[in-house]
Amino acid sequence: MRNIVLFGPPGAGKGTQSELIVKAFNLIHLSTGDLLRSEIKDQTQLGLEAKSLMDAGKLVPDNVVIGMIRNKIEANKNAAGFIFDGFPRTPEQAQALDTLLEEHNEAISAMISMEVEDAELIARLLERGKLSGRVDDQNEEVIGNRLSVYKEQTEVVKDFYLKQNKTKTVNGLGTIEEVFGRIKALISQA
Ligand code: AP5
Ligand code: MG
């Protein structure tokens, strides 16, 4: 299996690039943000509990997202691999993912960290917020919270994979096609 963690701050382009990667490499896209939004849409208990945290730009508890990822890995045992988008977001999640994959004699092949400066992230998210209906894109305060949470709780996940020699950084500025070209080259080596 080829198992890729696509990492980066809110608005870096993880979801956009995941769609292209899935087509090029035949991987299964697992976005915890998309999975949580689908729970909210279906008005499940889990969705109801996650909604207020997500609307405020805070992380939902580790056990919730780890459980969702475990179900998806179990349900796709014959996949060519996975692209993890927006997960793991804490070292605890990263450790849990390693353990889950080990249970299937698998491992993360590479972690690709998309680097984009804050001003560009804020501009992209505000622009998307005009159309997307995503509550967490609607104002600069919540976007600011998401960026702070990334810096305070999530960025350290880079060190987790650095220790395993798996972190690769990529410039996330440029056209979507330009960025994809960079990511494609890295995945081809993984
Ligand atoms: P999640 O859904 O993961 O959102 P996010 O990480 O905050 O980031 P986005 O999805 O907004 O950005 P993206 O990097 O995917 O960029 P995109 O391609 O969309 O998480 C939402 C919430 O769920 C969290 O705040 C948390 O509450 C909860 N959650 C999720 N996972 C969790 C976890 N593991 N643990 C705990 N809680 C969790 O692009 C953004 C915009 O930019 C788009 O409009 C796009 O068209 C545009 N764009 C993309 N590429 C380019 C480019 N090259 N140039 C110009 N514009 C571009
Ligand atoms: Mg996304």
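We count ligands from 1, going down the list as the structure has it; atoms in each ligand are counted the same way. Keep in mind that the numbers below use all heavy atoms, side chains included, and drop hydrogens, waters and symmetry copies.
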Exercise. Quick one: which ligand 1 atoms are inside 4.0 Å of a heavy atom on Leu125?
Worked result: 11 (O)

Exercise. Hey, looking at atom 36 (C) of ligand 1, which of Val60, Asp55, Val157 has the closest heavy atom?
Worked result: Val60

Exercise. Could Asp137 and Arg146 be called an ion pair, given the rule that one side-chain N must be under 4.0 Å from one carboxylate O?
Worked result: yes

For this session: Could you walk me through whether Met114 and Phe7 pass the side-chain contact (heavy atoms from CB on, under 4.5 Å) test, one step at a time?
Result: CA-CA 6 Å; Met114 300 181 67; Phe7 188 80; over 6 Å; no

Problem set entry | Any N or O of Leu36 closer than 3.5 Å to N or O of ligand 1 | no

Exercise. So is Asp137 polar-close to ligand 1, meaning N/O to N/O under 3.5 Å?
Worked result: no

Problem set entry | For ligand 1, the portion of Glu178 having any non-hydrogen atom under 4.0 Å away | neither

Problem set entry | Contacting atoms of ligand 1, where contact means under 4.0 angstrom from a heavy atom of Gly15 | 13 (P), 15 (O), 18 (O)

Seminar exercise, completed: Quick note on ligand 1: atoms under 4.0 Å from a heavy atom of Gln93 include exactly 33 (C), 34 (N), 35 (N), 36 (C)

Exercise. Stepwise, does the side-chain contact (heavy atoms from CB on, under 4.5 Å) test hold for Asp34 with Leu36?
Worked result: CA-CA 5 Å; Asp34 288 350; Leu36 288 164; over 6 Å; no

Problem set entry | Val65, Leu6, Val157 screened by side-chain contact (heavy atoms from CB on, under 4.5 Å) with Phe87, the one that passes | Val65

Problem set entry | Lys58 neighbourhood, listing ligand 1 atoms whose heavy-atom distance to it stays under 4.0 Å | 26 (C), 27 (O)

Exercise. Any nitrogen or oxygen of Arg37, main chain or side chain, under 3.5 Å from a nitrogen or oxygen of ligand 1?
Worked result: yes

Exercise. Taking N or O atoms only and a 3.5 Å limit, does Arg134 qualify as a polar contact for ligand 1?
Worked result: yes

For this session: Go through ligand 1 atom by atom and flag the ones less than 4.0 Å from a non-hydrogen atom of Gly174.
Result: 52 (C), 53 (N), 54 (N)

For this session: With heavy atoms under 4.0 Å as the rule, classify the contact between Pro9 and ligand 1 as side chain, backbone, both or neither.
Result: backbone

Exercise. In terms of side-chain geometry, is the basic nitrogen of Glu177 or Arg182 positioned less than 4.0 Å from the acidic oxygen of its partner?
Worked result: no

Problem set entry | Proximal atoms of ligand 1 relative to Thr32 (non-hydrogen, under 4.0 Å) | 30 (C), 31 (N), 32 (C), 33 (C), 34 (N)

Exercise. Same cluster or not: are Ile73 and Met68 linked, directly or through other Ile, Leu, Val, Met, Phe, Trp or Tyr residues, by side-chain heavy atoms under 4.5 angstrom apart?
Worked result: yes

Exercise. Above 12 or not: heavy atoms from other molecules or residues under 6.0 Å from NZ of Lys72?
Worked result: no

Exercise. For ligand 1, does Met114 get within less than 4.0 Å through its side chain, its backbone, both, or neither, judged by non-hydrogen atoms?
Worked result: neither

For this session: Keeping the roles fixed (side chain from Asp42, backbone from Thr44), state whether a donor-acceptor pair exists under 3.5 Å.
Result: no

Problem set entry | Option nearest atom 5 (P) of ligand 1 (shortest heavy-atom distance, choices Arg128, Glu127, Gln153, Arg89) | Arg89

For this session: May I ask whether Gly8 places a heavy atom under 4.0 Å from ligand 1?
Result: no

Exercise. Under a 4.0 Å heavy-atom limit, does Val65 contact ligand 1 with its side chain, its backbone, both, or neither?
Worked result: side chain

Problem set entry | Basic-acidic side-chain contact under 4.0 Å: Lys166, Asp98 | no

